[in-house]
Amino acid sequence: MMELVVTDLKKSYDGRPVLDGLSFTVPVGLTRIAGNSGIGKTTLLRILLGLETADSGEITGLSGKRLAAVFQEDRLLEHLDAAGNLRFVLGAAYDEKKAAALLEALGLGTVGSKRVRDFSGGMKRRLALARALLAPCDALALDEPFTGLDAGNRDIALSCILRAAEKKIVLLAAHEALDLPDVRTVQM
């Protein structure tokens, strides 16, 4: 079974420690990364994704694994529609039926050929989440995936995330508490 182990991870910017000896272990399932703004949640996810380098420490369990992410910014192609965004990012892994089913589940089943630039903020956020959930990966890093979502859409998005977490490690950085029995929390 896949397991992510972070041991004594440290990262500083201009001599100011952001991560100072962070250690945790998480198995397959949903793990919430919790902490105040500026505490290092995004930095941690960027290090796990290989977008930044830790000053010291060790990460095991990700070698050779594929990761997908939702960043704080949606990073969508504004001139394309929802399906076009998914096709562009997923390439050969794009499955029209799976994509349509997930878009439907996320409340985006009726957007048709509407360009992303005409989506609301919440619609863009759900499309960014759909892209990550459809990507062939072994683990997901989700940075504030509920930004701009009302309570109903947040619950729908969370249910899609929980389905993904049945088979892979899902790290979810969020300010919101997740009132679910099987959610582990790494407190930063």
Side-chain angles (χ1 to χ4, degrees), residues 1-12 18-35 39-77 85-99 101-103 105-106 125-147 157-174 178 180-188:
M1 179 179 254
M2 186 172 160
E3 183 176 74
L4 169 65
V5 181
V6 173
T7 308
D8 199 27
L9 200 64
K10 295 181 181 181
K11 177 70 176 178
S12 295
V18 176
L19 302 176
D20 192 15
L22 181 65
S23 297
F24 63 88
T25 301
V26 294
V28 167
L30 179 60
T31 299
R32 177 176 167 248
I33 308 295
I39 199 97
K41 297 183 302 289
T42 296
T43 298
L44 169 64
L45 295 180
R46 289 181 57 79
I47 290 170
L48 294 173
L49 290 164
L51 300 173
E52 291 196 36
T53 305
D55 297 335
S56 64
E58 185 178 19
I59 299 167
T60 57
L62 293 180
S63 181
K65 304 293 188 221
R66 299 169 300 170
L67 281 78
V70 169
F71 297 95
Q72 285 186 0
E73 316 80 29
D74 295 320
R75 300 183 181 191
L76 299 168
L77 299 170
N85 267 271
L86 297 176
R87 271 194 298 280
F88 181 84
V89 171
L90 299 172
Y94 178 74
D95 179 318
E96 188 173 353
K97 287 182 182 175
K98 282 184 183 178
L102 183 57
L103 289 174
L106 288 169
R125 198 67 185 151
R126 286 178 279 150
L127 179 56
L129 179 60
R131 183 183 55 204
L133 291 171
L134 289 168
C137 66
D138 302 300
L140 283 165
L142 309 175
D143 199 352
E144 300 294 346
F146 306 126
T147 300
L158 181 57
S159 115
C160 292
I161 291 167
L162 287 169
R163 275 195 299 280
E166 292 172 4
K167 298 179 183 173
K168 56 186 80 176
I169 290 173
V170 177
L171 297 172
L172 190 153
L178 301 177
L180 300 166
D182 295 331
V183 175
R184 289 170 294 285
T185 299
V186 171
Q187 187 66 46
M188 297 190 59

Item to complete: Kindly determine whether Leu127 and Leu103 satisfy side-chain contact (heavy atoms from CB on, under 4.5 Å), including the steps that lead there.
Response: CA-CA 8 Å; Leu127 179 56; Leu103 289 174; 4.0 Å; yes
Would you tabulate the side-chain donor-acceptor contacts of residues 58-70 under 3.5 Å, counting partners in other chains and residues two or more places apart, or write 'none'?
none

Name all residues meeting the side chain to side chain contact (heavy atoms under 4.5 Å, CB included) criterion together with [X]; count only those two or more places apart in sequence or in a different chain, and write none if there are none.
X: Tyr94; result: Ala83, Leu86, Arg87, Leu90, Glu96, Ala99
X: Ser56; result: Lys10
X: Thr43; result: Lys11, Tyr13, Val18, Leu19, Ile47, Glu52

#### Entry: Heavy-atom side-chain proximity of Ile39 to Lys41 below 4.5 angstrom
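Ile39 reaches Lys41 side chain to side chain.
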Check your understanding: Do Leu45 and Phe71 have side-chain heavy atoms sitting under 4.5 Å apart?
Key -> no
Check your understanding: Can you check side-chain contact (heavy atoms from CB on, under 4.5 Å) on Asn85 and Val89, steps first, answer last?
Key -> CA-CA 6 Å; Asn85 267 271; Val89 171; 5.7 Å; no
Using distance only, find each side-chain donor-acceptor pair of residues 181-188 under 3.5 Å and give its atom names and separation, not counting sequence neighbours.
{"from": "Arg184", "atom 1": "NE", "to": "Thr31", "atom 2": "OG1", "distance (Å)": "3.4"}
{"from": "Arg184", "atom 1": "NH2", "to": "Val28", "atom 2": "O", "distance (Å)": "3.2"}

For a quick test of reading the model, state the closest non-hydrogen atom pair linking [X] to [Y] and the distance between them.
X: Ala164; Y: Val170; result: C-CG2, 4.4 Å
X: Ile169; Y: Pro27; result: CG1-O, 3.4 Å
X: Ser23; Y: Asp8; result: OG-N, 2.7 Å
X: Ser12; Y: Asp55; result: N-OD2, 2.6 Å
X: Met2; Y: Ala139; result: CE-CB, 4.0 Å

Could you state the interatomic distance from [atom1] ([X]) to [atom2] ([Y]), rounded to the nearest 0.5 Å?
X: Phe24; Y: Leu171; atom1: CZ; atom2: CG; result: 6.0 Å
X: Leu142; Y: Gln72; atom1: CG; atom2: CD; result: 12.0 Å
X: Asp74; Y: Arg126; atom1: CG; atom2: CZ; result: 11.0 Å
X: Leu129; Y: Cys160; atom1: CG; atom2: SG; result: 7.0 Å

**Asked** For Arg131, what residues pass the side chain to side chain donor-acceptor pair (under 3.5 Å) criterion, not counting sequence neighbours?
**Response**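 If we apply the side chain to side chain donor-acceptor pair (under 3.5 Å) test to Arg131, skipping adjacent residues, there are no hits.
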Applying side chain to side chain donor-acceptor pair (under 3.5 Å) to Thr147 and not counting sequence neighbours gives none
_side chain to side chain donor-acceptor pair (under 3.5 Å) pairs, two or more places apart, involving residues 160-170_ =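 Sorted pair list: Ser159-Arg163.
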message: Between Thr25 (side chain only) and Val5 (backbone N and O only), is there a donor and an acceptor less than 3.5 Å apart?
response: no
- Message: Holding to salt bridge (charged side-chain N to carboxylate O under 4.0 Å, His left out), I want the full list of residues that pass it with Asp143, two or more places apart in sequence or in another chain.
- Response: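 Counting only residues at least two positions away or on another chain, Asp143 forms no salt bridge (charged side-chain N to carboxylate O under 4.0 Å, His left out).
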Run the side-chain contact (heavy atoms from CB on, under 4.5 Å) test on Ile161 and Leu140 for me, step by step, so that the C-alpha distance in whole Å, both residues' side-chain angles and the decisive distance to 0.1 Å come before the verdict. CA-CA 9 Å; Ile161 291 167; Leu140 283 165; 5.9 Å; no
